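Each remark here refers to the structure printed beneath this line.
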Amino acid sequence: YPDGEQAQGGYAEAVRVDSKYAFHIPSSIDPLYAAPLMCAGTTVFAPMLRKGVKKGDRVGIVGIGGLGHLAIQYAHALGAEVVAFSHSPNKRQECLDLGASKFVLTSDKKDVDAHRHTLDFLFITSNSNSNQYNEFISWMDFEGIVVLLALPEGHMTFSPFEFVLNEVGITGSLIGGVNIIKKALEFASKHNIRPIIEKYPIDDVNNALQHMDDGKARYRIVLTH
(Lines give C-alpha, C1' and ligand atoms only; values in the text may rest on other atoms or scores of the structure.)
Protein backbone atom coordinates (compact mmCIF):
# COMPACT_ATOMS: atom_id res chain seq x y z
CA TYR A 1 0.00 0.00 0.00
CA PRO A 2 1.14 3.65 -0.52
CA ASP A 3 1.53 4.09 3.26
CA GLY A 4 3.94 1.18 3.46
CA GLU A 5 1.52 -1.37 4.92
CA GLN A 6 2.08 -4.85 3.45
CA ALA A 7 -0.82 -6.64 1.77
CA GLN A 8 -1.51 -10.21 2.95
CA GLY A 9 -3.43 -11.42 -0.08
CA GLY A 10 -6.06 -14.08 0.49
CA TYR A 11 -4.88 -14.67 4.04
CA ALA A 12 -5.63 -11.12 5.21
CA GLU A 13 -8.16 -10.35 7.94
CA ALA A 14 -9.20 -7.27 5.94
CA VAL A 15 -8.28 -5.67 2.64
CA ARG A 16 -8.33 -2.15 1.19
CA VAL A 17 -9.55 -1.92 -2.38
CA ASP A 18 -10.72 0.73 -4.82
CA SER A 19 -14.50 0.96 -4.44
CA LYS A 20 -14.92 0.29 -8.18
CA TYR A 21 -13.66 -3.25 -7.52
CA ALA A 22 -15.71 -3.93 -4.39
CA PHE A 23 -19.02 -5.76 -4.45
CA HIS A 24 -22.11 -5.40 -2.35
CA ILE A 25 -22.94 -8.74 -0.74
CA PRO A 26 -26.72 -9.20 -0.47
CA SER A 27 -27.80 -9.34 3.16
CA SER A 28 -29.32 -12.80 2.63
CA ILE A 29 -25.93 -14.31 1.73
CA ASP A 30 -23.60 -15.23 4.60
CA PRO A 31 -20.05 -14.01 3.84
CA LEU A 32 -18.90 -17.63 4.16
CA TYR A 33 -20.73 -18.37 0.92
CA ALA A 34 -20.03 -15.13 -0.91
CA ALA A 35 -16.47 -15.83 -2.07
CA PRO A 36 -17.25 -19.20 -3.74
CA LEU A 37 -20.26 -17.60 -5.44
CA MET A 38 -18.11 -14.76 -6.78
CA CYS A 39 -15.59 -17.23 -8.21
CA ALA A 40 -17.06 -20.65 -8.99
CA GLY A 41 -20.60 -19.30 -9.13
CA THR A 42 -19.71 -16.62 -11.63
CA THR A 43 -17.67 -19.10 -13.69
CA VAL A 44 -20.71 -21.29 -14.33
CA PHE A 45 -23.35 -18.53 -14.47
CA ALA A 46 -21.51 -16.30 -16.96
CA PRO A 47 -21.74 -18.64 -19.98
CA MET A 48 -25.35 -19.47 -19.12
CA LEU A 49 -26.15 -15.76 -19.40
CA ARG A 50 -24.05 -15.25 -22.52
CA LYS A 51 -25.49 -18.28 -24.31
CA GLY A 52 -29.04 -17.50 -23.26
CA VAL A 53 -29.96 -20.56 -21.19
CA LYS A 54 -33.68 -20.27 -20.51
CA LYS A 55 -36.74 -22.06 -19.22
CA GLY A 56 -37.28 -25.39 -20.94
CA ASP A 57 -33.73 -25.79 -22.25
CA ARG A 58 -32.13 -29.19 -21.72
CA VAL A 59 -28.84 -28.59 -19.93
CA GLY A 60 -26.24 -31.23 -19.13
CA ILE A 61 -23.58 -30.83 -16.45
CA VAL A 62 -20.46 -33.03 -16.55
CA GLY A 63 -18.53 -33.24 -13.30
CA ILE A 64 -20.30 -32.73 -9.98
CA GLY A 65 -17.67 -30.92 -7.96
CA GLY A 66 -16.76 -27.35 -7.07
CA LEU A 67 -18.14 -25.94 -10.32
CA GLY A 68 -20.69 -28.60 -11.20
CA HIS A 69 -22.72 -28.47 -8.00
CA LEU A 70 -23.24 -24.74 -8.54
CA ALA A 71 -23.93 -25.16 -12.26
CA ILE A 72 -26.83 -27.48 -11.42
CA GLN A 73 -28.33 -24.86 -9.11
CA TYR A 74 -27.95 -21.93 -11.51
CA ALA A 75 -29.32 -23.86 -14.50
CA HIS A 76 -32.26 -25.14 -12.45
CA ALA A 77 -33.06 -21.62 -11.25
CA LEU A 78 -33.04 -20.42 -14.87
CA GLY A 79 -35.81 -22.93 -15.54
CA ALA A 80 -33.78 -25.49 -17.45
CA GLU A 81 -34.25 -29.24 -17.33
CA VAL A 82 -30.92 -30.25 -15.82
CA VAL A 83 -29.20 -33.58 -16.45
CA ALA A 84 -26.23 -34.36 -14.20
CA PHE A 85 -23.56 -36.70 -15.59
CA SER A 86 -21.15 -38.34 -13.14
CA HIS A 87 -19.07 -41.48 -12.73
CA SER A 88 -19.90 -41.50 -9.00
CA PRO A 89 -23.17 -43.29 -8.20
CA ASN A 90 -23.12 -41.91 -4.66
CA LYS A 91 -23.74 -38.40 -6.03
CA ARG A 92 -27.15 -39.26 -7.49
CA GLN A 93 -29.31 -38.05 -4.61
CA GLU A 94 -27.18 -34.99 -4.03
CA CYS A 95 -27.59 -33.94 -7.67
CA LEU A 96 -31.35 -34.40 -7.50
CA ASP A 97 -31.49 -32.42 -4.26
CA LEU A 98 -29.52 -29.59 -5.90
CA GLY A 99 -32.06 -29.32 -8.70
CA ALA A 100 -31.14 -31.86 -11.38
CA SER A 101 -34.12 -33.43 -13.13
CA LYS A 102 -32.11 -36.52 -14.04
CA PHE A 103 -28.88 -38.22 -13.02
CA VAL A 104 -26.87 -40.23 -15.56
CA LEU A 105 -24.17 -42.63 -14.39
CA THR A 106 -21.58 -42.41 -17.15
CA SER A 107 -20.46 -46.01 -16.65
CA ASP A 108 -24.00 -47.24 -17.39
CA LYS A 109 -24.08 -47.56 -21.20
CA LYS A 110 -27.85 -48.06 -21.36
CA ASP A 111 -28.43 -44.89 -19.31
CA VAL A 112 -25.98 -42.88 -21.42
CA ASP A 113 -27.41 -44.18 -24.71
CA ALA A 114 -30.87 -43.00 -23.66
CA HIS A 115 -29.58 -39.41 -23.52
CA ARG A 116 -27.87 -39.18 -26.90
CA HIS A 117 -28.97 -36.22 -29.05
CA THR A 118 -31.07 -34.79 -26.22
CA LEU A 119 -29.20 -31.71 -24.94
CA ASP A 120 -29.31 -28.06 -25.93
CA PHE A 121 -26.29 -27.17 -23.77
CA LEU A 122 -23.54 -29.18 -22.09
CA PHE A 123 -21.29 -27.57 -19.49
CA ILE A 124 -18.10 -29.55 -18.86
CA THR A 125 -16.74 -28.69 -15.42
CA SER A 126 -14.24 -31.53 -14.94
CA ASN A 127 -10.88 -32.29 -16.54
CA SER A 128 -12.21 -35.03 -18.78
CA ASN A 129 -9.92 -37.18 -20.91
CA SER A 130 -9.29 -35.80 -24.37
CA ASN A 131 -10.85 -38.86 -25.99
CA GLN A 132 -14.19 -38.33 -24.23
CA TYR A 133 -15.29 -35.45 -26.44
CA ASN A 134 -16.76 -37.72 -29.12
CA GLU A 135 -19.02 -39.04 -26.38
CA PHE A 136 -19.97 -35.55 -25.19
CA ILE A 137 -20.79 -34.35 -28.70
CA SER A 138 -23.04 -37.38 -29.23
CA TRP A 139 -25.27 -36.18 -26.39
CA MET A 140 -26.09 -32.93 -28.21
CA ASP A 141 -29.24 -32.19 -30.14
CA PHE A 142 -29.11 -30.28 -33.42
CA GLU A 143 -27.20 -26.99 -32.97
CA GLY A 144 -26.42 -27.85 -29.36
CA ILE A 145 -23.55 -26.05 -27.64
CA VAL A 146 -20.75 -27.65 -25.60
CA VAL A 147 -19.12 -25.23 -23.14
CA LEU A 148 -15.74 -26.02 -21.57
CA LEU A 149 -15.24 -24.63 -18.08
CA ALA A 150 -12.24 -26.82 -17.22
CA LEU A 151 -8.77 -27.02 -18.72
CA PRO A 152 -7.87 -30.64 -19.47
CA GLU A 153 -4.26 -31.46 -20.21
CA GLY A 154 -3.20 -32.16 -23.76
CA HIS A 155 -5.29 -31.71 -26.89
CA MET A 156 -8.97 -32.36 -27.45
CA THR A 157 -9.66 -35.06 -30.02
CA PHE A 158 -12.95 -35.88 -31.67
CA SER A 159 -14.33 -37.16 -34.93
CA PRO A 160 -15.89 -34.49 -37.14
CA PHE A 161 -18.88 -36.68 -38.01
CA GLU A 162 -21.24 -35.95 -35.07
CA PHE A 163 -19.80 -32.46 -34.78
CA VAL A 164 -20.67 -31.57 -38.39
CA LEU A 165 -23.80 -33.70 -38.83
CA ASN A 166 -25.64 -32.03 -35.95
CA GLU A 167 -23.95 -28.61 -36.27
CA VAL A 168 -22.70 -28.77 -32.70
CA GLY A 169 -20.87 -25.72 -31.38
CA ILE A 170 -17.91 -25.95 -29.00
CA THR A 171 -16.81 -22.96 -26.96
CA GLY A 172 -15.12 -22.09 -23.67
CA SER A 173 -15.58 -19.65 -20.84
CA LEU A 174 -13.22 -18.47 -18.10
CA ILE A 175 -15.11 -16.23 -15.66
CA GLY A 176 -17.13 -13.01 -15.77
CA GLY A 177 -16.59 -9.28 -15.39
CA VAL A 178 -17.85 -6.91 -12.73
CA ASN A 179 -21.44 -6.80 -14.00
CA ILE A 180 -21.75 -10.58 -14.23
CA ILE A 181 -20.33 -11.07 -10.73
CA LYS A 182 -22.99 -8.68 -9.43
CA LYS A 183 -25.67 -10.58 -11.32
CA ALA A 184 -24.38 -13.92 -10.02
CA LEU A 185 -24.68 -12.67 -6.43
CA GLU A 186 -28.11 -11.12 -6.94
CA PHE A 187 -29.42 -14.22 -8.71
CA ALA A 188 -28.03 -16.49 -5.97
CA SER A 189 -29.69 -14.33 -3.33
CA LYS A 190 -33.05 -14.41 -5.13
CA HIS A 191 -33.01 -18.18 -5.79
CA ASN A 192 -31.25 -19.38 -2.62
CA ILE A 193 -28.24 -20.74 -4.50
CA ARG A 194 -25.41 -21.63 -2.13
CA PRO A 195 -22.11 -23.48 -2.45
CA ILE A 196 -21.44 -26.56 -0.36
CA ILE A 197 -18.45 -25.58 1.77
CA GLU A 198 -16.04 -26.87 4.39
CA LYS A 199 -14.74 -24.39 6.97
CA TYR A 200 -11.18 -24.35 8.28
CA PRO A 201 -9.70 -21.85 10.75
CA ILE A 202 -6.91 -19.78 9.20
CA ASP A 203 -4.39 -21.37 11.59
CA ASP A 204 -5.21 -24.75 10.04
CA VAL A 205 -4.58 -23.61 6.48
CA ASN A 206 -1.92 -26.24 5.78
CA ASN A 207 -4.33 -29.06 6.57
CA ALA A 208 -6.97 -27.35 4.42
CA LEU A 209 -4.58 -27.21 1.48
CA GLN A 210 -3.63 -30.86 1.96
CA HIS A 211 -7.31 -31.80 2.12
CA MET A 212 -7.80 -30.01 -1.20
CA ASP A 213 -4.71 -31.57 -2.81
CA ASP A 214 -5.99 -35.00 -1.77
CA GLY A 215 -9.17 -34.34 -3.75
CA LYS A 216 -11.36 -34.58 -0.66
CA ALA A 217 -12.79 -31.04 -0.56
CA ARG A 218 -16.61 -30.95 -0.71
CA TYR A 219 -16.83 -28.68 -2.56
CA ARG A 220 -15.19 -25.38 -1.64
CA ILE A 221 -12.92 -24.71 1.34
CA VAL A 222 -13.42 -21.42 3.21
CA LEU A 223 -10.81 -20.13 5.66
CA THR A 224 -12.18 -18.36 8.72
CA HIS A 225 -10.55 -15.99 11.20
Side-chain angles (χ1 to χ4, degrees), residues 10 21-86 88 90-104 119-127 145-150 171-200 208 211-212 216-224:
Y21 304 104
F23 297 88
H24 170 71
I25 306 299
S27 59
S28 63
I29 298 179
D30 189 305
L32 286 169
Y33 300 105
L37 286 171
M38 293 170 70
C39 184
T42 300
T43 297
V44 300
F45 190 49
M48 293 182 187
L49 287 182
R50 292 173 181 146
K51 303 302 177 186
V53 173
K54 62 188 184 302
K55 184 176 181 179
D57 284 342
R58 298 158 299 172
V59 174
I61 309 295
V62 174
I64 314 304
L67 294 178
H69 86 286
L70 284 167
I72 290 173
Q73 295 180 69
Y74 275 103
H76 172 72
L78 285 167
E81 177 186 330
V82 184
V83 183
F85 293 85
S86 177
S88 302
N90 60 345
K91 291 187 178 180
R92 178 185 299 273
Q93 190 57 51
E94 182 175 62
C95 289
L96 298 176
D97 292 343
L98 289 170
S101 304
K102 301 175 183 177
F103 177 89
V104 176
L119 301 177
D120 300 303
F121 297 94
L122 180 65
F123 295 89
I124 301 175
T125 72
S126 62
N127 289 328
I145 298 176
V146 178
V147 183
L148 272 68
L149 299 177
T171 185
S173 182
L174 187 58
I175 193 169
V178 171
N179 288 334
I180 291 184
I181 294 174
K182 289 178 179 178
K183 289 179 180 178
L185 287 170
E186 293 165 0
F187 194 81
S189 175
K190 181 178 179 180
H191 295 280
N192 196 33
I193 295 170
R194 298 293 185 273
I196 296 172
I197 65 170
E198 294 182 81
K199 296 182 290 183
Y200 278 78
H211 187 63
M212 180 185 68
K216 297 178 179 179
R218 298 291 181 271
Y219 287 111
R220 280 292 188 259
I221 293 175
V222 176
L223 300 176
T224 61

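Since this is a predicted model, take the numbers as computed values, not measurements.
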Counting C-beta onward and ignoring hydrogens, is there a side-chain heavy-atom pair between [X] and [Y] closer than 4.5 Å?
X: I72; Y: C95; answer: yes
X: S173; Y: L149; answer: yes
X: P195; Y: Y219; answer: no
X: S88; Y: I64; answer: no
X: L37; Y: L70; answer: yes
X: L67; Y: R220; answer: yes

Supply the atom-to-atom distance [X] [atom1] to [Y] [atom2], rounded to the nearest 0.5 angstrom.
X: Y33; Y: I197; atom1: OH; atom2: CD1; result: 4.5 Å
X: H24; Y: I29; atom1: NE2; atom2: CD1; result: 9.0 Å
X: K190; Y: S28; atom1: NZ; atom2: OG; result: 12.5 Å
X: D120; Y: E81; atom1: CG; atom2: CD; result: 9.0 Å

(message) Taking salt bridge (Lys or Arg N to Asp or Glu O under 4.0 Å) as the cut-off, I'd like each qualifying pair that reaches into residues 31-54, sequence neighbours left out, listed once.
(response)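 Sorted pair list: K54-D57.
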Short question: side chain of [X], backbone of [Y] - any donor-acceptor pair under 3.5 Å?
X: Q73; Y: G99; answer: no
X: R194; Y: A188; answer: yes
X: H69; Y: I196; answer: yes

(request) Could you tell me how the ring of F121 sits relative to the ring of F123: parallel (under 30°), tilted (30 to 60°) or perpendicular (over 60°)? (result)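 F121 vs F123 ring planes: parallel.
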(request) Assign the ring pair H211 / Y200 to parallel, tilted or perpendicular, where the plane angle (0 to 90°) is split at 30° and 60°. (result)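 Rings of H211 and Y200: tilted, as their planes differ by 30° to 60°.
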Taking every non-hydrogen atom, the tightest pair across [X] and [Y]:
X: P36; Y: V222; result: CG-CG2, 4.1 Å
X: G60; Y: F85; result: CA-CE1, 4.0 Å
X: I175; Y: M38; result: CD1-O, 4.2 Å

(request) For F187, look at atom CZ and say whether over 12 heavy atoms of other residues, nucleotides or ligands are found less than 6.0 Å away. (result)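 Yes.
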(request) Flag yes if more than 12 heavy atoms outside L174 fall under 6.0 Å of its CG atom; otherwise flag no. (result)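 No - once you tally the heavy atoms of other residues, nucleotides and ligands closer than 6.0 Å, there are 12 at most.
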(message) Y74 and side-chain contact (heavy atoms from CB on, under 4.5 Å): which single residue from V44, I61, V82 fits?
(response)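 The passing option is V44.
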